[in-house]
Amino acid sequence: MLRKIIYKEFKSYFRNLNSIFLPLIFFFLIISIFPLLIGPDKNLLNKIIPGIVWITVIFTTLLSSSNFFKDEYNNGFIETYLTSETSLELILFLKIILCWIFTCLPIIFFIPIVSIFFDIPLKNSFVILFTLIIGSPILVSIGIFGSSLTLGIPKNNVLVPVITLPFYIPILIFSASAIESVSSGLPYEMQLYILTALLCFVLPIMPYLLKYTLTLSINN
Amino acid sequence: MNISKIANLKFFFTNTKNLSRFLGLFTFILFFFGIYWGLYVAPSDYLQGESYRIMYLHVPAAWLSLQVYMFMAITGFVSLVWKVKIMEIISIQCAPIGAYFTLIALVTGMVWGKPTWGTYWVWDARLTSELILLFLYIGVIALYSAFSDKRQAVKITSLLAIVGLVNIPIIHYSVEWWNTLHQGPSVTKFEQPSMHISMLLPLLYMFLVFNVYFIAVLIKRVQLGIYNREKRSKWMEDYLSD
Amino acid sequence: MKITETNKKRMIKIFVFFFAISSFSALLIYAFSKNMVYFYTPSQIIKQEAPINSFIRIGGMVKVNSFQKSKDSLKVTFKIYDLNEEINVKYDGILPDLFAEGQGVVMTGKLINNNTFVANEVLAKHDENYMPPEVADMMKEKNGDLSNK
C-alpha cells in the first residue's frame, strides 16, 4: 500500500513536469522583477534580496499546497486512506516530504545562482541556504494544514494564504534575522537553532494534526 | 442525548433575553463611571501628561482581545471533544467580538503612539503581535463564512483556533524578539512595570467593565446564532409564535 | 492481535510526541544559552568590535548636557554612554517626543570612525512606569534623578 502511494505520488509529480518547473520559473521571474521595481542600486538590493527570496518561497509553497488534498478528496482517496491498514500518519508524512522535495528543493538548488546574480557573499548565501533548508519544510507543512482545513469549500484560492500566513511569521522572523545578523557581522547560530527547534516540533506532530483534520472533514 | 442538547439551546435562548438586556444597560452605566474616573479623577502622568489616559480604553481592549481568543479556543476544544452544541455557537460567536476588541486596541494604540513615539505606527512588539492576532481572527471568520455547512464550519474553525492558541506564544515571543532586534529594548524593559495605585484602580475597573460588555454582547450573539441554527425547528417556531 | 496493533500505534504516537517536544525544548534551551547580540554598546565601539561604515544598531543613554541643536536646521548632536565609554552621535531629523537627556535610546545608522555615529533613525521608548507628577517629584528627591537610575 505504502509503496503504491509513493509510486502514485512520484508519477503524478513527474507526469506533470510543469508542477516542478513552473514554480522555479515563477521564482526567477519574481526575483528579476524586484530590481526593475526598485532600481539597480546594488546596496539596496543586497540588503533586501534575502527577503525577496523568502517571499518567493512563501508564494511557491502557498501555490503548491493550497489545493494539496483536492484531487484525493474529490476522488474519494482520502476515505480509502482513512480505512486502510497502513498508518495514515506515515502516508501524510511522506506526502509532506515529497511535496517539499518537488517544490522547495529545486529552488534551494538555485540559491547559489541567485547569489552570483546579486553578488551575495559566500557566507551570507550559505546562511540563506540553511534557513531555507530548515524553514521551508515548516512552511510546506503549515500550508498543507491550511489546505486540509479548507477541504469542504469549493473555491478556496485566497482563503488558504489568509489562514496560514500568520502562522508563517515566527519562521520568517528567525530566518530573516539570521540573514540580517550574518550580513552585519553578528552571530547567527542562535536563530538557526530556534528554526531547527520549530522544525523538530512541527514536522512530527503535523501528520497527526492532518489526520484529525481529514477525519473532521470527511465525517460531515 | 439529542433531546437534552436541543433543550440546552432552547433553555439558553428562552432564559437569557432579560439577562442580556440588563447586562447591556449595566455596561453602559459602568462604562460611564469608568470613563469619568479615568479621564477626570485619575491624575496625569509625570512623563506623558494627559495622553496616557487613552490606556483606559487601549489596555482593557488589548487584554480582552487575547482573553476572547483564549475563550474561543477553549470553548472550541470543548465542542470538539464533548460535542456540546452550545459551545460550538459560543466559540464561533467569540470571533467577531474578539476582532473588534483587537481593532479597538490597534486604533487606540496608534492614537497613543502619535504623542509618545512621534508616529502613528511603529513596529512595536505589542502592536505587531496585536496586528497578527487580528489576522488570526480574520482567518477564523473568513474560514467560517466560506463553509456552507455551518456545523462543519465550526468544527474546522475550532481546530484552527486551537492551533492558533498554541501558536500565539510562539508568535508573541518571536515578534518580541524581532522587535528587540530591530528597535532595541527600552532600557527599563526588564524592570517590573509599575503603576501608581490611583491610575491602576481605574484601569482594573475598566477591565471589569469590558468583561461585562463582552459577556453582554456574547449572550446577544449566541442568541442570534441559536436562532439561525434552530429557526426551522419546532420549538423555535412555537416560541416565536407565542 | 487487534489490541496489540492499536497499542503499537499508541506507543509510536507517544514516542513521536515525546521526541517532538523534547527536541523542541532542548534546541530552544541550547539556542538561548548562546548570547544574542541585539546592538552594539559604546564600549564595544570604542574597543573597535563594531564594523565601521556598515549598517549597525547601537544603544545607550543620552548624556546629560551633551545635546546640541543647530540653529537653522534639524541637525542635532549628542553623546550616548554606557557603563564605561561614551561616543558622539550626529542626527538630522525629527526626534521623538520622549527623547530627553538621561533617557535610553536605540539608533540605527553607520559609524564613520570609532567614536562618531551617524544615525538614520533614533528611537526612544517610554519606560513602563506610570505615576502622577507629584509622586515623580517625590521619587526624584529620594533617588536623585528619576530617569537616570
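Just so we're on the same page: letters track the sequence lines, and every chain starts at 1.
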[atom1] ([X]) with more than 12 external heavy atoms under 6.0 Å:
X	atom1	answer
Lys69(C)	NZ	no
Phe77(A)	CZ	no
Phe59(A)	CZ	no
Phe126(A)	CZ	no

Quick one: closest heavy-atom pair of Lys9(C) and Ser87(A), and the distance? CE-CB, 4.1 Å
Shortest non-hydrogen pair, Phe201(A) vs Ala20(C), comes out as O-CB, 4.0 Å
May I have all residue pairs that pass salt bridge (Lys or Arg N to Asp or Glu O under 4.0 Å) and include part of residues 88-112 of chain A, sequence neighbours excluded? Glu9(A)-Lys95(A), Glu72(A)-Lys95(A), Glu89(A)-Lys211(A)
Interface moiety of Leu198(A) toward chain C, non-hydrogen atoms closer than 4.5 Å: both
Between CG of Leu199(A) and CZ of Phe24(C), what distance do you get to the nearest 0.5 Å? 11.5 Å
CD/Glu189(A) to OH/Tyr30(C) distance, rounded to the nearest 0.5 angstrom? 9.0 Å
Under a 4.5 Å heavy-atom cutoff, which of Cys200(A), Pro204(A), Ala197(A) has the most pairs with chain C? Ala197(A)
Does some side-chain heavy atom of Leu27(C) sit less than 4.5 Å from a side-chain heavy atom of Ile194(A)? no
Measure the acute angle between the ring planes of Tyr208(A) and Phe17(C), then classify it against the limits of 30° and 60° as parallel, tilted or perpendicular. perpendicular
